[in-house]
Amino acid sequence: MLDIELIRKKPEFVKERLSTRDKTLPDLIDEVLELDKRRRKILTELESLRAERNKKSKEIGLLKREGKDTSIIEKEVREIKERIDSLEEELREVQGKLRDLMLRVPNLPHESVPIGEDEEDNVEVRRWGEPRDFPFDPKPHWEIGEKLGVLDFERGARLSGSRFTVVRSWGAKLERALINFMLDLHTSKGYEEILPPHLVRPEILEGTGQLPKFEEDLYKCERDDLYLIPTAEVPLTNLFRGEILKEENLPIYMTAYTPCYRREAGSHGKDIRGIIRQHQFNKVELVKIVHPDTSYEELEKLTSDAEEVLKLLGLPYRVVELCTGDLGFSAAKTYDIEVWFPSQSRYREISSCSNCEDFQARRMNTRFKDSNGKNRFVHTLNGSGLAVGRTLAAILENYQREDGSVEVPEVLRDYMKADIIAPA
RNA sequence: GGAGAGGUGGCCGAGUGGCCGAAGGCGGCCGCUUGCUAAGCGGCAGAGGGUUAACAGCCCUCCGAGGGUUCGAAUCCCUCCCUCUCCGCCA
């Protein structure tokens, strides 16, 4: 959520920043300003009426103790009350509308974010590693996986429909090895390992920004009013919601492995083959809760912590900075890490690292007491470290050999207790 | 799932319709004093919002959340959430 005071004081600035995302957003701000004005007008009037009522009610108490008649003054208060009631209803309506609107306004892009419309305008920041030269035609991961008996698409669909895959034998083992490897790496760098619930309340998703706008993308358990998490970012970031943290406890670093559940409502036809886009996939997530002064440094560190995974796995990648038009709803700035897929001869997203500044903190009401004793909103960051299914796919492709077997990356061999995955 | 108890400020805890934003204690901050592995005395201190040049003043709201009753609610009623105890069920 944006700071309403900022919108009031610098509406043109806010509109200019939002228009870099989407030209229609400034209209929302005009609506916000209008509602805010109405809200304050009602509030001022309402408060002076309440003050009057409070004063007179106190008088009634005093008069009654003296045994005096209070019928006239009671009638006055009753009249005031009627006006209060109708103003309160008006206020509730305006405030509800305002809140709903505010929850649908995305974060302001940071000034350093390149202006652009879509992913075409993202800016490559750096590359690491050399894509391997294959003496044969590299196969896509789904072919390799099926041939090795590690990806079973047919039975996955039988159980749950399209975009569900069964991972078997050495594939399951590789997936587990990856999860352990990633968690071990991150915890060695000071991230606390967390095992959060996978089902959360609606207000939790509102806290991180998935609700109310992206309801369609979520799986919901209707009878219990709970949602399956689309990413561990959701429970981790919300962990301290409503709390006032101590400044000396910042920064907080957390990591978690969870499955992620996404309806992929808007992506019909995209990435139909393989395991790039699934309704359920594993991810190791990184979340930081930090002092506002340090959040951009922390973003750089977070991104390099995610990159470290790919370096150790020996997978070539590049880092791109998302342009304003491609930025996620809650993010002020985002780096995507894209890994090399030889069969497609291109880099594909495997991690997304964002600084949300105080956008989520405001929604969750997570604050800290600064050295002056003032309560301020924290900044929150999140990044994949990494998407495990895509990592597995990338390993299958980048480490494939002509005979259809796949070499196990060196750092995983102890976890796997194997050097090679060969057809059964 | 059934029966019961309860949710008050950083913590503990009083408060059953008006003088309660809330006693008291602990902890915290400031000052004084004594003079020493600390005590005593005095003072200050919650959050959000409106008004405003103002982190001055004034005002409003907040005693788990949301509704309601009442001239007036922490106190009465309803719904929900959470915690605890007992029973049942269960990996």
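Sequence lines set the chain letters: A, B, ... in the order given, protein chains first and strands last, and positions in each chain run from 1.
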Check: Whom does B:C71 pair with, Watson-Crick or G-U wobble, provided both distances fall under 3.5 Å?
Finding: B:G18

Next item on the list: Using Watson-Crick or G-U wobble geometry with both distances below 3.5 Å, tell me the partner of B:C44, or none.
Entry: B:G28

Notebook entry, point to check: Watson-Crick or G-U wobble partner for B:C36, using a 3.5 Å limit on both distances?
Noted result: none

Notebook entry, point to check: Between B:G18, B:C59, B:G68, which nucleotide has the shortest distance from any of its atoms to the side chain of A:Ala51?
Noted result: B:C59

Notebook entry, point to check: Quick one: is B:U61 close enough that its OP1 or OP2 comes under 4.0 Å of any side-chain N or O from A:Asn54?
Noted result: yes

Checklist line | Closest listed nucleotide, where the reference is the side chain of A:Arg92 and the choices are B:G68, B:G49, B:C71 | finding: B:G68

Next item on the list: For A:Lys246 and B:C29, give me the distance from atom NZ to atom P, rounded to whole Å.
Entry: 12 Å

Checklist line | 5'-most by nearest nucleotide on RNA chain B - A:Ile4 or A:Ser57 | finding: A:Ser57

Item checked: Atom pair distance, as rounded to whole Å: CZ in A:Arg241 and P in B:A65 -> 14 Å

Item checked: From CA spacing to verdict: side chain to side chain contact (heavy atoms under 4.5 Å, CB included), A:Arg83, A:Leu87 -> CA-CA 6 Å; A:Arg83 290 165 64 199; A:Leu87 276 178; 5.5 Å; no

Margin query: Can you check the distance between B:C84 and B:U8, where both ends of the measurement are the P atom (answer in whole Å)?
Written below: 14 Å

Item checked: Nearest-neighbour nucleotide for the A:Ile60 side chain, B:G18, B:U51, B:C81 considered -> B:G18

Check: Of the options A:Met364, A:Glu233, A:Glu357, A:Lys288, which is the one that meets A:Thr380 in a side chain to side chain contact (heavy atoms under 4.5 Å, CB included)?
Finding: A:Met364

Next item on the list: Could you measure between the two C1' atoms, the one in B:A47 and the one in B:G42, and give it in whole Å?
Entry: 28 Å

Check: Going by heavy atoms in the side chains, are A:Leu245 and A:Phe240 under 4.5 Å from each other?
Finding: yes

Checklist line | Separation of the P atoms in B:G28 and B:C11, to the nearest angstrom | finding: 15 Å

Next item on the list: Taking atom P in both B:C29 and B:G15, compute the distance separating them and give it to the nearest angstrom.
Entry: 31 Å

Note to self: Under 3.5 Å for both donor-acceptor distances, Watson-Crick or wobble: does B:G57 have a partner, and if so which one?
What the structure shows: B:U51

Notebook entry, point to check: Distance between the P atoms of B:A73 and B:G67, in whole angstroms?
Noted result: 14 Å

Notebook entry, point to check: When you check the phosphate oxygens OP1 and OP2 of B:U52, does a side-chain N or O of A:Arg40 lie under 4.0 Å from one of them?
Noted result: no

Check: A:Arg8 has a side chain; which of B:C59, B:G18, B:G50 sits nearest to it?
Finding: B:G50

Note to self: Show, in sequence, the C-alpha distance, side-chain angles and deciding distance for A:Phe153 and A:Phe164, and conclude whether the ring pair (Phe, Tyr, Trp, His ring centres under 6.0 Å) test is met.
What the structure shows: CA-CA 7 Å; A:Phe153 298 104; A:Phe164 285 96; over 10 Å; no

Notebook entry, point to check: Taking OP1 and OP2 of B:G50, is either one under 4.0 Å from a side-chain nitrogen or oxygen of A:Arg39?
Noted result: yes

Checklist line | Plane angle bin for A:His291 and A:Phe368 - parallel if under 30°, tilted between 30 and 60°, otherwise perpendicular | finding: tilted

Next item on the list: Could you check how far CD1 of A:Ile84 sits from P of B:U69, rounded to whole Å?
Entry: 14 Å

Checklist line | Nearest listed nucleotide, side chain of A:Asn375, among B:U51, B:C60, B:G48 | finding: B:G48

Next item on the list: Specify the separation, in whole Å, of atom CD1 of A:Ile42 and atom P of B:G49.
Entry: 18 Å

Next item on the list: Using Watson-Crick or G-U wobble geometry with both distances below 3.5 Å, tell me the partner of B:C80, or none.
Entry: B:G64

Notebook entry, point to check: Considering Watson-Crick and G-U wobble pairs with both distances under 3.5 Å, what does B:A3 pair with?
Noted result: B:U85

Next item on the list: Determine, step by step, whether A:Thr366 and A:Phe377 satisfy the side chain to side chain contact (heavy atoms under 4.5 Å, CB included) criterion, reporting the C-alpha distance in whole Å, the side-chain angles of both residues, the deciding distance to 0.1 Å, and the verdict.
Entry: CA-CA 6 Å; A:Thr366 306; A:Phe377 289 109; over 6 Å; no

Notebook entry, point to check: If we take the C1' atom in both B:A54 and B:A5, what is their distance in whole Å?
Noted result: 50 Å

Next item on the list: Between B:G72, B:C82, B:A47, spot the one nearest the side chain of A:Arg367, thanks.
Entry: B:A47

Notebook entry, point to check: For A:Arg50 and A:Glu47, take the nucleotide of RNA chain B holding the closest heavy atom to each; which residue's nucleotide lies nearer the 5' end?
Noted result: A:Glu47

Next item on the list: Would you mind classifying the nucleic acid contact of A:Lys75 as base, sugar-phosphate or nothing, using non-hydrogen atoms under 4.0 angstrom?
Entry: nothing

Checklist line | A:Thr44, nearest nucleotide to its side chain (from B:G68, B:C71, B:G50) | finding: B:G50

Check: Between B:G10 and B:G48, how far is it from one P atom to the other, in whole Å?
Finding: 11 Å

Notebook entry, point to check: What nucleic acid atoms does A:Lys81 come within less than 4.0 Å of, heavy atoms only: base, sugar-phosphate, or nothing?
Noted result: base

Note to self: In this structure, how many angstroms lie between the P atom of B:G10 and the CG atom of A:Leu245, rounded?
What the structure shows: 14 Å

Note to self: With a 6.0 Å cut-off (strictly less than), is the heavy-atom count around CG of A:Asn54, excluding the residue itself, greater than 12?
What the structure shows: yes

Check: Whole Å only: how far is the CG atom of A:Asn365 from the P atom of B:A65?
Finding: 13 Å

Notebook entry, point to check: Rounded to the nearest Å, what distance is computed from the CG atom of residue A:Leu49 to the P atom of nucleotide B:U61?
Noted result: 12 Å

Margin query: Using the P atom as the point on both nucleotides, what is the distance between B:A74 and B:A22, in whole Å?
Written below: 12 Å

Checklist line | Electrostatic pair A:Arg348-A:Glu338, nearest N-O below 4.0 angstrom | finding: no

Next item on the list: Whole angstrom is fine here: how far is it from CG in A:Leu91 over to P in B:C60?
Entry: 16 Å

